[in-house]
Amino acid sequence: MTEHDWDALERQVIQWIKEAGTQLRASLLTPLEVSEKSAHNDLVTNMDRHIEKFLIEKIRAAYPGDRIVSEEGFGDGVADTDGVLWLLDPIDGTLNFVMQKRFFAVSIGVYEEGEGRAAFIYDVMADELFHCISGQGAYQNTKRLATLTSVTIENSLIDLSATWLKPNRMIHEETMTEIVKRCSGTRAYGAASLELAYVAAGYLDAYFTMRLSPWDYGAGLILLREVGGSYSRADGQPLNILSKTSVLAARPGLHHFIAEHVRKQIQSGKFICEPDGGHNH
């Protein structure tokens, strides 16, 4: 396996991701080609495919031995975490991209033997890049992010989509009611990579969702760990970075508090279903 120079990789990826951002901003000046994937609110555009191809070509040319897991299918079929893996989402928040023309990101997480090594989450319209090389601190553009401290549930701002508070197939709709009642407030932005970056930056205290893919959370988890945050599946179990999974990400003590709450809800008979078919009753 070729040794990676992580500092050089960071410089390269930042260049590529900024270039991708320039193309995305320009694309919003002309009509997009939009099609539905699995549902009316699961969209894909010509730009999702274009940006994915653009970034994959760059990665393959610079790092031919690495493998890529990506949303639109131009990457590799990957069944293990051996070697160096790139988890790539060309446009995270496609619905926002199409409908709001803001609040979407390019997300790239790089793992080596299953360990997070580098993360890049670029809020294209805000020109805001959250990034880190593992062990060197995390940054928002050039500002270093502070290590996360603990916060009580009462003083916390939690990112939780209303999807999980109304009847749905993944989680009993009352599982999180108590958390919502006790916290300071809730938010939902519709781009998982940015939501995870916001927890890492301290703008949010926790993020909870029942369904994400590796390219959605790959970079965010690396960033979060770099500032001392915690993450797991919704029930506190460790998550597998190649799986479709629920994700609970939060400041240290708050993570434990919410995971405990979810476990108690499961014990009391409320259901949780992992996207890969795992069932908790």
Side-chain angles (χ1 to χ4, degrees), residues 92-93 103 116 119 121 123 130 132 138 140 144-212 216-217 219-240 243 245-275 278-281:
D92 181 32
F103 234 91
I121 298 168
D123 181 335
F130 297 88
C132 75
Q140 176 180 356
R144 187 168 176 149
L145 299 178
T147 302
L148 295 177
T149 52
S150 60
V151 66
T152 62
I153 182 69
E154 284 74 18
N155 290 328
S156 65
L157 189 61
I158 294 178
D159 189 304
L160 174 69
S161 164
T163 305
W164 315 122
L165 302 172
K166 62 187 184 186
N168 69 89
R169 293 194 309 272
M170 314 283 300
I171 184 170
H172 189 284
E173 67 267 24
E174 287 171 17
T175 306
M176 297 299 284
T177 309
E178 193 59 32
I179 295 290
V180 170
K181 281 181 184 164
R182 286 184 65 181
C183 72
S184 281
T186 58
R187 300 288 182 269
Y189 297 97
S193 61
L194 285 175
E195 291 165 302
L196 288 164
Y198 283 5
V199 178
Y203 300 136
L204 293 166
D205 301 303
Y207 170 62
F208 178 95
T209 184
M210 284 305 300
R211 184 179 55 232
L212 285 186
D216 298 316
Y217 61 76
L221 299 188
I222 301 171
L223 201 68
L224 190 68
R225 196 189 61 191
E226 191 62 22
V227 292
S230 303
Y231 59 81
S232 65
R233 293 191 334 188
D235 59 2
Q237 294 294 315
L239 58 82
N240 159 14
S243 66
T245 182
S246 62
V247 174
L248 167 61
R251 288 175 181 266
L254 188 62
H255 176 271
H256 179 75
F257 179 87
I258 297 173
E260 272 297 293
H261 168 83
V262 172
R263 279 199 288 269
K264 284 179 188 152
Q265 295 293 306
I266 293 167
Q267 283 161 7
S268 77
K270 294 192 175 74
F271 73 88
I272 278 200
C273 303
E274 280 295 317
H279 214 82
N280 277 315
H281 264 300

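FYI, the numbering just counts along the sequence from 1.
The side-chain contact (heavy atoms from CB on, under 4.5 Å) check on Ile121 picks up Ala105, Ser107, Phe130, Ser193, Leu194, Ala197, Ala219, Leu223, with sequence neighbours excluded. Glu174 meets the salt bridge (charged side-chain N to carboxylate O under 4.0 Å, His left out) test with no other residue; sequence neighbours excluded. Evaluation of the side-chain hydrogen bond (donor to acceptor under 3.5 Å, both in side chains) rule for Arg225 yields Glu115, Ser134 as partners, not counting sequence neighbours. For Thr186, the side-chain hydrogen bond (donor to acceptor under 3.5 Å, both in side chains) test picks out no residue, with sequence neighbours left out. Residues that satisfy the side-chain contact (heavy atoms from CB on, under 4.5 Å) test with Glu173, not counting sequence neighbours, are Pro167. The side-chain contact (heavy atoms from CB on, under 4.5 Å) check on Ala250 picks up Ala206, Leu254, His255, with sequence neighbours excluded. Take Arg144 and apply the side-chain hydrogen bond (donor to acceptor under 3.5 Å, both in side chains) test, not counting sequence neighbours, and it matches no residue. Residues passing the side-chain contact (heavy atoms from CB on, under 4.5 Å) test with Thr147: none are found, sequence neighbours excluded. In this view, Ser230 satisfies the side-chain hydrogen bond (donor to acceptor under 3.5 Å, both in side chains) rule with no residue, not counting sequence neighbours. Among residues two or more places apart in sequence or in another chain, the ring pair (Phe, Tyr, Trp, His ring centres under 6.0 Å) test is passed with Tyr189 by Phe103, Tyr198.
A side-chain donor-acceptor contact under 3.5 Å links Glu274 to the backbone of Ser246.
Gln265 pairs with exactly one of Ile171, Thr175, Asp235 by the side-chain contact (heavy atoms from CB on, under 4.5 Å) rule, that one being Thr175.
Pairs engaging residues 178-207 under the salt bridge (charged side-chain N to carboxylate O under 4.0 Å, His left out) rule: Glu154-Arg182, Asp205-Arg251 [sequence neighbours left out].
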